[in-house]
Amino acid sequence: MSEELRSVILFDTRTQQKRPFEPQQPGKVLMYVCGVTVYDLTHIGHARVFVFFDVVQRFFRHLGYDLNFVRNHTDVDDKILKRADEKGVDPLELSARYIEELDRDMQALGVERATSEPKVSEHIDDIIEMNKALVDKGHAYEVDGDVYYRVESFEEYGKLSRRKLDDMEAGRSGRVDETKQKEHPFDFALWKKSDDDQLGWDSPWGRGRPGWHIECSVMSTKYLGPTLDIHGGGRDLIFPHHENEIAQSEAASGEAPFANYWMHVGMVNVAEKSEDGEDIVRKMSKSLGNFWTTRDVLGGYHPEAIRYFMHTTLYRKPITYAVENLEEATRRVQYLYTALKRIDETLQRAEYDSDENLPPDSRLADGFTDLVEGFMDRYEAALADDFNTPNALALIAEVARAINEATESDSAPSDALAHTLVLLRKHLVDAGSVLGLLERDPKTALDEIRDLRLKTMELDPKVIDEKVAARVQAREDKDWERADELRDELAEMGVEIMDSQQGTTWRLK
RNA sequence: GGCGGCGUAGCCAAGUGGAAAGGCAAGGGCCUGCAAAGCCUUGAUUCACCGGUUCGAAUCCGGUCGCCGCCUCCA
């Protein structure tokens, strides 16, 4: 059975090339993705990673793979301690709260749950065990209650990020902690001594807490074993985070490689004005203060529009966050849902629908055979090529255009056309579901988009409805001057009028 | 200083050795009282620049310019 599954090509960061994906066990995928350190709301850079791997999850399942997907929460970390201290709250309560906030945002974005979502705080014993193993094997050493990984003990250190210890300038980024007595500047903390009033657990090295990288090695190994099929995360985790995970995991287990494929998602950039008034584009980040929280973006744009926007660029490349891009994505999502709505309206005219009263199976309407019969294969091929979502969207657009073309007429469709439309609708919805798009019924989605716009534009729908009704009356009276005047007033408010045989509807620009 | 990436039509963006996807914007047409929506249609002899390999390069190699990311907070 497993040999029948469509094969997928992945770009692997370590080898810097696309390769056919060969899971260790045919048909089964072991995937680990680094989540976030939960000390604040997520921004859309985080959301991009979640949405992308959500598509990976959905697509593998769509193809019939048995996916075991682990995505962790780093709920013990110095940034959490610092934030908790500032706010005067318990660190684990703080992180628990932000896990809830994260879940809320990701649920709103339609990100499906991973198979397991483990937390650092629940794996302290496992972390201590791995630390002991690393110390025993000579890969780590204790200094005054801290435990450090001895990077020089791992010959292949740097193999993921293609850098050599000697080539790097320690402190280039101004982040190396030089106050500690480390053997090498790049040795990193596996365990940190905690003050009496700090969060900590007892260990062979005294009371302390885990360092940053160890949790992923521990949890991935615990849930998925020593060798992952796929390990993912944001590009900025390649060094040092993932490099250090490799060093820890391979040294501790004695097995290599730690992961067969490494997938890294590009950064979300922001277009800004520099102090000199120049247009610049740079990475969105907490420390630069140029970030948009997922919460904020969800307040202004439909979840599927946000996803659509993210799918317009290959996951590996940087993407620029800009309102124009979100607005264009919103219009595209509206376009797709409108196409579905047109199908439903057309089927109704023949007293069919896409669920119960199906048109009889018949030949396909002229000119649609290739599209109907070849679509899903082409669509899957696009995504199977390292998740080429831009190409996937192009194919979706092709179907939507065909649907609009086929539903131009206001008359009842023939059985052949109705049958074709039902199949095209199914294709569109099935294709959309892999990307987390078109998951609502058309009316709900279009209403949601409209309500969001009303809210952000601070418009009262009653005022709009009244003006629209007045214009309908003016049109019935053939008072074109008055009708156009009202339409101009509405247009000024940002309201678009659409007259059709079914009546007048409106939407927001 | 080291490592890596990017530079394709006005804008966004696929393609990475064999006839330049798709979207937005713009022009023309159909439809419409007029519009909007929708549909049809027009657009890169050319892929930052220079040189090379090849029967053939946006795609490979060398160089130049510009931009970006990472070098222990980072998704």
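Please read all numbers here as calculations on a predicted model, not as lab measurements. A, B, ... follow the sequence lines: proteins, then strands. Residue 1 opens every chain.
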Check the geometry between A:Phe50 and B:A75 and answer yes if their rings are stacked (centres below 5.5 Å, planes below 30°), otherwise no.
no
Which whole-number value in Å describes the distance from [X] [atom1] to [N] [atom2]?
| X | N | atom1 | atom2 | result |
| --- | --- | --- | --- | --- |
| A:Asp236 | B:C71 | CG | P | 8 Å |
| A:Arg450 | B:A36 | CZ | P | 19 Å |
| A:Arg83 | B:C74 | CZ | P | 14 Å |

Check: [N] base within 3.5 Å donor-acceptor of [X] side chain:
| X | N | result |
| --- | --- | --- |
| A:Arg332 | B:C24 | no |
| A:Asn404 | B:C40 | no |
| A:His43 | B:A75 | yes |
| A:Arg475 | B:G33 | yes |

How do A:Leu393 and A:His184 order along RNA chain B: which one's closest nucleotide is nearer the 5' end?
A:Leu393
Closest-nucleotide mapping onto RNA chain B: is A:Phe186 or A:His46 further toward the 5' terminus? I mean the 5' end.
A:Phe186
Rounding to the closest angstrom, what is the interatomic distance between [N] and [M] at atom [atom1]?
| N | M | atom1 | result |
| --- | --- | --- | --- |
| B:A26 | B:C47 | P | 28 Å |
| B:A58 | B:C49 | C1' | 14 Å |
| B:A14 | B:U54 | C1' | 26 Å |

Whether [X] contacts [N] is assessed here as follows: a side-chain N or O lying under 4.0 Å from the phosphate OP1 or OP2. Is that the case?
| X | N | answer |
| --- | --- | --- |
| A:Lys283 | B:C70 | yes |
| A:Arg401 | B:G22 | no |
| A:Asn388 | B:G15 | yes |
| A:Gln16 | B:G5 | yes |
| A:Tyr335 | B:C39 | yes |

Is [X] touching bases, backbone alone, or none of the nucleic acid, heavy atoms closer than 4.0 Å?
| X | answer |
| --- | --- |
| A:His241 | nothing |
| A:Asp77 | nothing |
| A:Phe239 | sugar-phosphate |

Cation-pi check, A:Lys286 to A:Tyr39: give yes when NZ or CZ is under 6.0 Å from the six-membered ring centre and within 45° of the ring axis, no otherwise.
yes
So is A:Arg19 actually on top of A:Tyr261's ring, under 6.0 Å and inside 45° of the axis?
yes
Heavy atoms only: give me the nearest A:Ala114-A:Arg71 pair and the separation to one decimal.
N-NH2, 3.7 Å
State plainly whether the residues A:Arg471 and A:Glu485 are in salt-bridge range, i.e. N to O under 4.0 Å.
no
Once you apply the 3.5 Å cut-off to both distances, tell me the Watson-Crick or G-U wobble partner of [N], or none.
| N | answer |
| --- | --- |
| B:C65 | B:G7 |
| B:G18 | B:C55 |
| B:C70 | B:G2 |
| B:G38 | B:C30 |

Of the nucleotides [options], which one has an atom closest to the side chain of [X]?
| X | options | result |
| --- | --- | --- |
| A:Arg163 | B:C74, B:C70, B:G23 | B:C70 |
| A:Asp484 | B:A14, B:A37, B:C34 | B:C34 |
| A:Arg162 | B:C39, B:G4, B:C34 | B:G4 |
| A:Glu496 | B:G15, B:C34, B:A37 | B:A37 |

